[in-house]
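Comments concern the structure below.
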Amino acid sequence: EAQVTQNPRYLITVTGKKLTVTCSQNMNHEYMSWYRQDPGLGLRQIYYSMNVEVTDKGDVPEGYKVSRKEKRNFPLILESPSPNQTSLYFCASNQQGSNQPQHFGDGTRLSIL
Amino acid sequence: EDKVVQSPLSLVVHEGDTVTLNCSYEVTNFRSLLWYKQEKKAPTFLFMLTSSGIEKKSGRLSSILDKKELFSILNITATQTGDSAIYLCAGGGGTSYGKLTFGQGTILTVHP
């Protein structure tokens with residue numbers, strides 16, 4: 001089954017404790033992206049990757065890092081999480097970036113205390 | 001800076017009504033306008049529009065793009081309670097065509 005898998009689905013943690021949210025897709029897609037969703041703000045793109053070792057900033061990259069060492073994986077790293085990063089996070093993938101609809105993961109709800 | 005603005009932000013209607021959701025965009029190197037429906041979990045794809053004036057339809061939903069005036073509309077006819085959701089539009093573009101900018105979303109509530 002074609003899918004985008006995010007882990008964990010829920011996480012409560014404390015300020016400053018490094019965390020990683022993993023994202024994996026099994027569709028051999030070149031393009032992957034991370035979004036955060038906050039009430040009244042829609043989805044905001046954090047980072048995207050057009051292929052292995054190729055990443056670029058979205059609209060809200062501050063406080064986040066990403067890496068794309070393999071085609072199927074695109075982890076989101078919060079080196080020093082802060083409460084303003086409490087949000088619902090989505091990973092997505094497709095074959096051709098903005099030329100195609102994306103497949104979304106089920107989301108990761110992060111709470112930073 | 002790219003910008004996508006949706007209106008209205010919230011809409012409450014009764015079953016059977018017709019609704020029109022609006023989306024205006026300013027996107028560098030614009031390539032596509034996408035509509036998604038979000039219920040409890042991840043957004044699900046509705047339409048992708050790349051050409052002006054060509055209506056796309058799926059059942060009771062339809063959408064059209066105006067590249068001259070930089071907007072799109074999503075129409076839902078004969079609404080049902082199952083249409084209650086957040087409707088998101090997004091503009092795709094950017095220098096590497098990977099950037100996607102979403103609007104704030106329109107919360108649609110359909111009462112029986």
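In what follows, chains are A, B, ... by sequence order, proteins preceding strands, each numbered from 1.
For CD1 of I12(A), the number of neighbouring non-hydrogen atoms (other residues, nucleotides, ligands) closer than 6.0 Å is 12 at most. Remark: R60(B) CZ is packed, more than 12 non-hydrogen atoms of other residues, nucleotides or ligands lying under 6.0 Å away.
V4(B) and F71(B) are not part of a single hydrophobic cluster, where members link through side-chain heavy atoms under 4.5 Å apart. Under the 4.5 Å side-chain heavy-atom criterion for grouping Ile, Leu, Val, Met, Phe, Trp and Tyr, L34(B) is connected to Y31(A) within one hydrophobic cluster. The hydrophobic clustering, which links ILVMFWY residues whose side-chain heavy atoms are closer than 4.5 Å, places Y64(A) and Y48(A) apart. In terms of hydrophobic clustering, with Ile, Leu, Val, Met, Phe, Trp and Tyr side chains grouped at heavy-atom distances under 4.5 Å, L110(A) and F90(A) are assigned to different clusters. Hydrophobic clustering (ILVMFWY, side-chain heavy atoms < 4.5 Å, transitive): W34(A) and V60(A) are in one cluster.
Between Y35(A) and F102(B), the ring centre distance stays below 6.0 Å.
Heavy-atom distances place the side chain of L88(B), and not its backbone, under 4.5 Å from chain A. Only the side chain of Y36(B) comes within contact range of chain A, with heavy atoms under 4.5 Å apart. With a 4.5 angstrom heavy-atom cutoff, Q38(B) touches chain A only via side-chain atoms.
The choice from K57(A), Q102(A), R44(A) that makes the most heavy-atom pairs within less than 4.5 Å of chain B is Q102(A).
Taking each heavy atom of G105(A) and A42(B) in turn, the nearest pair found is O-CB, 3.0 Å. Scanning both residues, G40(A) and Q104(B), for their nearest heavy atoms gives O-CB, 3.5 Å.
Although no hydrogens or angles enter the test, the distance criterion places a donor-acceptor pair under 3.5 Å between the side chain of Q45(A) and the main chain of L100(B).
The line from CZ of R9(A) to NZ of K41(B) is 5.5 Å long, rounded to the nearest 0.5 Å. The distance from the OG1 atom of T101(B) to the CG atom of L43(A) is 11.0 Å, given to the nearest 0.5 Å.
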Report the C-alpha separation of D59(A) and K99(B) in whole Å, then their side-chain angles, then the decisive distance to 0.1 Å, and conclude whether the salt bridge (charged side-chain N to carboxylate O under 4.0 Å, His left out) test is met. CA-CA 9 Å; D59(A) 290 319; K99(B) 197 164 181 301; 2.7 Å; yes
Set out, in order, the CA-CA distance, both residues' side-chain angles and the distance that settles side-chain contact (heavy atoms from CB on, under 4.5 Å) for F45(B) and F104(A), then state yes or no. CA-CA 9 Å; F45(B) 171 72; F104(A) 282 87; over 6 Å; no
